[in-house]
Amino acid sequence: MLSASTIAHVKATIPVLEQAGPAITAHFYQRMFSHNPELKDIFNLTNQQTGRQQVALFEAIAAYAKHIETPEVLAGAVERIAQKHTSFVVKPEHYAIVGGHLLATLQELAPEVFDEATTAAWAEAYHFLAGIFIDREGTLYEVRRQAQGGWAGERRFRLVAKTPESERVTSFVWEPVDGGAVLSFEPGQYIGIKVHPAGSDYNEIRQYSLSDKSDGRRYRISVKREGNGEQQGLVSNHLHDQVQVGDEVALIPPAGDFFLDQESQSPVVLVSAGVGLTPMMAMLETLCAGNSPRPVHFLHACENAAQHSFKDRVVELAGRHGVNTQVWYREGEALQHSGLMDIAKVKATLPIADGDFYLCGPMPFMASAKSQLLEAGVDEGRIHYEAFGPHVAL
Ligand SMILES: Cc1cc2nc3c(=O)[nH]c(=O)nc-3n(C[C@H](O)[C@H](O)[C@H](O)COP(=O)(O)OP(=O)(O)OC[C@H]3O[C@@H](n4cnc5c(N)ncnc54)[C@H](O)[C@@H]3O)c2cc1C
Ligand code: HEM
């Protein structure tokens, strides 16, 4: 337990942490990468350049300071972050490195607040928080190592099929080089993939949602080619252009707290935009393969017909299992609806009162879909979502 004095010192730093602007966050990462360049193999360096991930750590630390007397309210966030960390194979020894650079940064840039007593209090509080993550991550690693088909850290996989699903999205099916079974996963979870893209000085790890049902033998992911011109996404373009059937990569076991609740008997509503349909495909395939009696609704928005991934497969499953399918094209000739997804238009077909709603797509899409669902009368507790990057509260 933290003492009253430690808690008081930590709480006094909340304003500094909440206002930790780009100067502080950039200093922290520069400091850490110059002292510990080995961590460049773990962190997404494009997210560093664009500043996307930089704020996440400081926001989480500020939230911890705010709730230091009631850390249980952060349980959901801790679980999400721990799951994400395991997908980068974050290790216990990394916590002291991150904590050291964090406190040194705050002492260097906010010396008036981070005097000796406050720094000592934060060292204690950080150690306590790190212990929570280390325990949970240790349990996750151990459970995955011991389970049927399980492993810890990286395992070599070979590409056995590469199939275009639309203009920019291609599916990749991986089987373990050792020929063994693979860990089963919950539909909606993601795997970590580690590659060394041509032209990059470092290994890069990215997460991809599994896009098919779990079968204990192989994993399918479906990857959108990201970026244009000079700002090409590193890993997605590497996979599209360089990785061919027969090639090997390292995969990190399935993880993630966004998945289909298979205990629930409620109707399921899968709401996606663009490549955000990948976790929905895993859920849809799982529900259909299990002949689930639950009514299923599949709402999808994409740019146009050329970017409509899994069109034929969804039509086939919908025909066989009576799935309510609603599709929007933003441009070009409509298949069903044109423009942006308009939930009010199809509200009468949806289980507003008792459905379980799963959302995935770009943040502005999810923010809009969530507010449309709330407007339609859906209970907030029934809405679940996944961000394809550092989590942002909707
Ligand atoms: C839980 C989870 C699940 C995911 N599931 C999927 C999935 O199923 N399918 C899928 O396709 N993706 C998925 N993603 C996203 C995926 O992990 C990668 O983020 C994505 O493929 C982009 O990686 P990249 O290496 O190609 O691009 P990065 O190199 O990481 O670049 C990211 C973006 O920044 C742009 N960029 C690059 N340099 C700059 C610069 N200097 N300034 C401004 N912009 C720049 C790039 O063009 C690109 O659009 C998921 C992510 C998460 C967290
Ligand atoms: C108590 C300490 C830590 C806190 C509070 C913390 C917090 C966070 C948060 C909030 C995220 C974003 C998660 C998401 O939205 O999905 C994140 C991601 C991440 N964390 Fe941590 N973290 C801590 C320690 C560490 C350590 C020790 C490492 C390993 C060196 C690490 C590596 C990462 C990586 C690689 C990501 C993903 C980054 C990306 O997507 O670019 N973290 N962490």
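The two residues L394 and M363 make their nearest non-hydrogen contact at CD2-CE, 3.5 Å. Smallest separation of non-hydrogen atoms from A12 and P15: O-CD, 3.6 Å. For V275 against F388, the heavy-atom pair with the smallest separation is O-CE2, 3.6 Å.
A 4.5 Å side-chain heavy-atom check between D261 and Y358 finds at least one atom pair inside the cut-off. A heavy-atom distance below 4.5 Å is found between the side chains of Q83 and Y190. D178 is not listed as a side-chain neighbour of R156, based on a closest heavy-atom distance of 4.5 Å or more. A heavy-atom distance below 4.5 Å is not found between the side chains of H85 and H94. Side-chain contact between Y208 and V223 is present, with at least one heavy-atom pair separated by less than 4.5 Å. Residues Y385 and F357 are not in side-chain contact: their nearest non-hydrogen atoms beyond the backbone lie 4.5 Å or more apart.
Applying the side chain to side chain donor-acceptor pair (under 3.5 Å) criterion to S34, with sequence neighbours excluded, gives no partner residue. Applying the side chain to side chain donor-acceptor pair (under 3.5 Å) test to E230 and every residue at least two apart in sequence or in another chain returns nothing. Residues passing the side chain to side chain donor-acceptor pair (under 3.5 Å) test with H240: none are found, sequence neighbours excluded.
Side-chain atoms of S264 and D356 form a donor-acceptor pair, as typed in the model, at a separation below 3.5 Å. Side-chain contact of E137 with Y95: a donor-acceptor pair under 3.5 Å is present, judged by distance alone. Donor-acceptor pairing under 3.5 Å is lacking for the side chains of E165 and S222. In summary, the side chains of S309 and R168 do not present any donor paired with an acceptor at a separation below 3.5 Å, with no hydrogens or angles considered. In the model, Q307 has no side-chain atom that pairs as donor or acceptor with a side-chain atom of S166 under 3.5 Å. A donor-acceptor contact closer than 3.5 angstrom links the side chains of N304 and E331. If you check the side chains of S184 and S214, you find no donor sitting under 3.5 Å from an acceptor.
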Worksheet item: Can you check side-chain hydrogen bond (donor to acceptor under 3.5 Å, both in side chains) on S368 and Q372, steps first, answer last?
Response: CA-CA 6 Å; S368 162; Q372 292 186 54; 3.0 Å; yes
Item to complete: Decide side-chain hydrogen bond (donor to acceptor under 3.5 Å, both in side chains) for Q326 and H337; before the verdict, give the C-alpha distance in whole Å, the side-chain angles of both, and the deciding distance to 0.1 Å.
Response: CA-CA 8 Å; Q326 306 286 345; H337 311 288; 2.7 Å; yes
Worksheet item: Which is it for W122 and T13 under the side-chain hydrogen bond (donor to acceptor under 3.5 Å, both in side chains) test, yes or no, and what are the steps along the way?
Response: CA-CA 9 Å; W122 249 116; T13 64; 2.9 Å; yes
Worksheet item: Would T349 and N324 count as a side-chain hydrogen bond (donor to acceptor under 3.5 Å, both in side chains) if you check the C-alpha gap in whole Å, the side-chain angles of each, and the deciding distance to 0.1 Å?
Response: CA-CA 8 Å; T349 72; N324 169 23; 3.0 Å; yes
Review item, side-chain donor-acceptor pairs of residues 62-72, under 3.5 Å, at least two apart:
residue : atom : partner : partner atom : Å
Y64     : OH   : A125    : O            : 2.8
K66     : NZ   : E18     : OE2          : 3.0
E69     : OE1  : K11     : NZ           : 2.6

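A ring pair (Phe, Tyr, Trp, His ring centres under 6.0 Å) check over residues 294-318, counting only residues at least two apart or in different chains, returns the pairs H300-H308, H308-Y329.
In summary, the aromatic rings of Y219 and F157 are positioned with their centroids under 6.0 Å apart. Here the two rings, on H391 and F258, have centers that are 6.0 Å apart or farther.
Other residues, nucleotides and ligands contribute at most 12 non-hydrogen atoms within 6.0 Å of the CZ atom of R217. By the neighbour-count criterion of 12 heavy atoms within 6.0 Å, atom CD of Q244 is densely surrounded, having more than that number from other residues, nucleotides or ligands.
The main-chain N or O of G233 is found under 3.5 Å from a side-chain atom of N237 such that the two form a donor-acceptor pair. Looking at E285, its side chain never comes within 3.5 Å of a backbone N or O of D212 through a donor-acceptor pair. Side chain of H127 to main chain of A123: no donor-acceptor pair is present (N/O by atom type, distance under 3.5 Å, no hydrogens or angles). Using modelled atom types, one side-chain atom of H196 and one backbone atom of S200 make a donor-acceptor pair closer than 3.5 Å.
Cluster note: F259 groups with no other residue, as no ILVMFWY side-chain heavy atom lies under 4.5 Å from it.
Ring geometry for F58 versus F28: interplanar angle over 60°, hence perpendicular rather than tilted (30 to 60°).
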